[in-house]
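Down below is the structure, laid out as structure tokens.
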Amino acid sequence: MKIFCGYTMEINELNDQRARRREELNYFESLGINPYPYEFRKTHSAKEILSNFRDENPELYSNVSIAGRIMTFRRMGKATFCDIQDESGRIQVYFKKNDLGDSYDLLKYLDIGDIIGIEGFVFRTRMGEITVHTQKFIILCKSLTPIPVPKIEEDESGNKIIHDQFSDKELRYRHRYIDLIVNPDVRDVFRKRAKIISYIRNYFDNRGWLEVETPILQPIYGGATARPFITHHNALDIDLYLRIADELYLKRLIVGGFEGVYEISKNFRNEGMDRMHNPEFTALEIYVAYKDYFWVMELVEDLLNSLVKYLFNNEIIVYNNIEINFSKPFARRKMFDLFKEYTGEDLKDKTEEELLKIGKKLGLDFPESPSRAKILDEIFSEIVQPNLIQPTFVIDYPIEMSPLAKKHRSEQGLVERFELFINGFEVANAFSELNDPRDQRARFEEQAKLRAKGDEEAMVLDEDFLYALEVGMPPTGGLGIGIDRLVMLLTNQNSIRDVILFPQMKPENL
RNA sequence: GACCCUGUAGCUCAGGGGUAGAGCACCUGACUUUUAAUCAGGGGGUCGCAGGUUCGAUUCCUGCCAGGGUCACCA
């Protein structure tokens, strides 16, 4: 038993800071103070005050109200400083016993992490810091559990040194809200992510293309080669798949007469997780009628070039200490030319057997009886891809690797497809879309053979999609962009988990 | 799925077969312009979990769980 500011309470030896905060909360309630009130009228953000306050006319800031989370305390007896953090940043707040009277004593029962509202006037301290002098304050939310408290020091040149940074990745991902509170850089990444997505959306809308929503729950999954998540619809008593791509539905809309449709949405793939893969990820797909892949290349070039200029005021960005230049035009390289350059071999007319031999000579491992597509893919991603640092369109893929792309207009055995590589990873994938229903059926049948051979990722034949193609789809250019990877690139992040707010984690208690 | 590394206080970390350590955070006291505030004192731990070896395990061994990384798989 202990006397606590005239209010008697039990403090159990076994309890920790959380118990103490609950007692503080009870104390507030015993005084008739609601620690969880309903609203607060803010007049300014921290940033507005810090960037607009002028010493010449402080009267413009003689009556401000701000609100935010208490991040630091510097208590000095009858005066207290603390830093309040709102969405815009941090600002110092000053409390003085003379001005606040009895309510000053309530400060004792506030903690780092509590959210408070402040009314007062702005001034500059002796040390030169713009500060809100509190005339009235109100608790807006009592925080019942302590959060990490990194200390931020500024050296002479204004660089921030962070002590005791909240850095445990597991805790940061599991409790992203804490990560967001205490690591300002994390907030910036997700602000930038939102900017990127809204820029792309505006770019498309301004060209008159229609944003649509297609099914996430699909009876037949298609549009990519990947293993799906399976779920069950009880009323229909059928299995449904979470989509692995939007492609086949968006093409149906081109058949329906829309001439430009796009979707920015989550796809789901039931595969491994690593720094480049999360089971749910955000993809952009767009299809525009009467266009081919050359046109799409120019679209991608212009979209990314203008996006980078919008974000950085520059065409050159730095990722992982490497300069990446987004000025137009991007390099365009035929896939088999790249093979020749990096393997010294012309792989174009080689048989499966010859390719396998070359691949093994290059030191690569292959699964049991790989298809021609798999071998080429392996050689490409291991030998060629890591070299593609500057934005590079790789064009004209072998037909076996691309069952939804249209046959090349002049080259036997190839399709009109490109992928854009930046910093060694794929950012975009596009085709002149296959719209000949006879050819599409033949390609699906090829996929079915692979599936029969045990390739779980081979595509499934979609009769309704073929029916749509029979109705007739105009020539169409299509494009997919992995938004998460693009965001990684543009925010200089190394792991997809750092650009997804709540990345997939194993449950803690298994 | 394989291998490597990690798991100790709310956070960041040190330690090491014999009563568990630091800084910050927290509590008490001093301090009315401080800013990594300062000064004095104090509390706080299932050392990831389970088993084994041992007189004794947080430390050594085995298994498991979680995370990070590399690879495999994969756009």
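Order of the sequence lines sets the chain letters (A, B, ...), proteins ahead of strands, with each chain counted from 1. Here the structure is a predicted model, which means the values were calculated and not measured.
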Counting any heavy atom closer than 4.0 Å, what does Lys96(A) reach on the DNA or RNA strands: base, sugar-phosphate only, or nothing?
base
Touch class at under 4.0 angstrom, heavy-atom based, for Arg497(A) against every strand present
sugar-phosphate
A20(B) and U8(B), which share atom name C1', separated by this distance in whole Å
9 Å
Can you label the angle between the Phe123(A) ring and the Tyr94(A) ring as parallel, tilted or perpendicular, going by 30° and 60°?
tilted
Please give the distance between the C1' atoms of G52(B) and C11(B) as a whole number of Å.
34 Å
Side chain of Lys151(A): nearest nucleotide among C31(B), C24(B), A72(B)?
C24(B)
Rounded to whole Å, CE of Met76(A) lies from C1' of U33(B) at a distance of 6 Å
In whole angstroms, how far is the C1' atom of G48(B) from the CG atom of Leu171(A)?
12 Å
So what does Ile152(A) touch, heavy atoms closer than 4.0 Å: a base, only the sugar-phosphate, or nothing?
sugar-phosphate
Whole-Å C1' distance, C60(B) and G18(B)
15 Å
Starting from P on A25(B), measure out to CZ on Arg74(A) and report it in whole angstrom.
11 Å
So what's C3(B) paired with, Watson-Crick or G-U wobble, going by both distances under 3.5 Å?
G69(B)
I'd like to know if the side chain of Arg90(A) pairs up with that of Gln85(A) as donor and acceptor (distance under 3.5 Å, no hydrogens or angles considered).
yes
Kindly indicate whether the side chain of Gln165(A) and the base of U12(B) share any N or O donor-acceptor pair separated by less than 3.5 Å?
no
For the pair made of CD in Gln385(A) and C1' in C74(B), what is the distance, rounded to whole Å?
12 Å
Nearest-neighbour nucleotide for the Asp111(A) side chain, G10(B), C27(B), U34(B) considered
C27(B)
Euclidean distance for C1', U62(B) against G44(B) (whole angstrom)
33 Å
Is the distance from OP1 or OP2 of G10(B) to the nearest side-chain N or O of Arg18(A) less than 4.0 Å?
no
Nearest-Å distance once atom P is located in both G56(B) and U70(B):
43 Å
Looking for any heavy atom pair under 4.0 Å, which part of the strands does Phe166(A) touch: base, sugar-phosphate only, or nothing?
sugar-phosphate
Heavy atoms only, 4.0 Å cut-off, all strands: where does Lys160(A) land among base, sugar-phosphate and nothing?
nothing
Indicate, with a heavy-atom threshold strictly under 4.0 Å, whether Glu271(A) touches base, sugar-phosphate, or nothing.
sugar-phosphate
For A50(B), which nucleotide in any strand shown is its Watson-Crick or wobble partner with both distances under 3.5 Å?
U62(B)
Any carboxylate oxygen within less than 4.0 angstrom of a Lys/Arg side-chain nitrogen, looking at Arg124(A) and Glu129(A)?
no
With distance as the sole criterion, is a donor-acceptor pair present between the side chains of Thr214(A) and Arg243(A) under 3.5 Å?
yes
Using the C1' atom on both, measure G1(B) against C49(B) and round to a whole Å.
23 Å
Should the pair Arg332(A)-Glu301(A) be classified as a salt bridge under the 4.0 Å nitrogen-to-oxygen rule?
yes
Phosphate OP1/OP2 of C27(B): any Arg20(A) side-chain N/O under 4.0 Å
yes
Between Arg275(A) and Asp498(A), is there a side-chain N and carboxylate O pair less than 4.0 Å apart?
no
Record whether the side chain of Ser167(A) comes under 3.5 Å of the base of U12(B) through a donor-acceptor pair of N or O atoms.
no
What does Arg275(A) touch in the nucleic acid at a heavy-atom separation under 4.0 angstrom: a base, only the sugar-phosphate, or nothing?
sugar-phosphate
Counterpart base for C24(B), defined by Watson-Crick or G-U wobble contacts under 3.5 Å
G10(B)
Roughly how many Å apart are C5(B) and G63(B), using the P atom of each and rounding to a whole number?
14 Å
With rounding to whole Å, what would you report as the distance between C27(B) and U33(B) at their C1' atoms?
26 Å
Heavy atoms only, 4.0 Å cut-off, all strands: where does Met505(A) land among base, sugar-phosphate and nothing?
sugar-phosphate
Using a cut-off of 4.0 Å on non-hydrogen atoms, how would the nucleic acid contact of Asp274(A) be classed: base, sugar-phosphate, or nothing?
base
Out of A36(B), U33(B), A25(B), which has the shortest distance to the side chain of Glu153(A)?
A36(B)
No-hydrogen, no-angle side-chain donor-acceptor test under 3.5 Å, Gln92(A) and Thr131(A)
yes
If you look at every strand shown and take non-hydrogen atoms under 4.0 Å, does Ala224(A) touch a base, only sugar-phosphate, or nothing?
nothing
Quick one: Glu170(A) CD to C65(B) P, roughly how many Å, whole number?
14 Å
Taking atom NZ as the centre, does Lys334(A) end up with more than 12 heavy-atom neighbours from other residues, nucleotides or ligands that are less than 6.0 angstrom away?
no
Before you tell me yes or no, could you show the steps for Arg20(A) and Asp111(A) under side-chain contact (heavy atoms from CB on, under 4.5 Å), namely the whole-Å CA-CA distance, both residues' side-chain angles and the distance that decides it to 0.1 Å?
CA-CA 10 Å; Arg20(A) 214 203 77 254; Asp111(A) 291 290; 2.6 Å; yes
Glu23(A) CD - C26(B) C1' separation (whole Å):
15 Å
Answer with base, sugar-phosphate or nothing: what part of the nucleic acid does Gln92(A) contact at a heavy-atom distance below 4.0 Å?
base
Measuring from the side chain of Glu24(A) (C-beta onward, heavy atoms only), which nucleotide among C27(B), C26(B), G68(B) has the closest atom?
C27(B)
So what's A36(B) paired with, Watson-Crick or G-U wobble, going by both distances under 3.5 Å?
none
How would you label the contact of Phe425(A) with the nucleic acid (heavy atoms, under 4.0 Å): base, sugar-phosphate, or nothing?
nothing
Separation of U35(B) atom C1' from Ile91(A) atom CD1, nearest Å, is 14 Å
Whole-Å distance separating the NZ atom of Lys169(A) from the P atom of C11(B):
18 Å
Out of A36(B), G67(B), U34(B), minimum distance to the side chain of Lys506(A) belongs to G67(B)
Check the geometry between His163(A) and G23(B) and answer yes if their rings are stacked (centres below 5.5 Å, planes below 30°), otherwise no.
no
If you check the Pro148(A) side chain, which of C74(B), C11(B), C26(B) turns out closest?
C11(B)
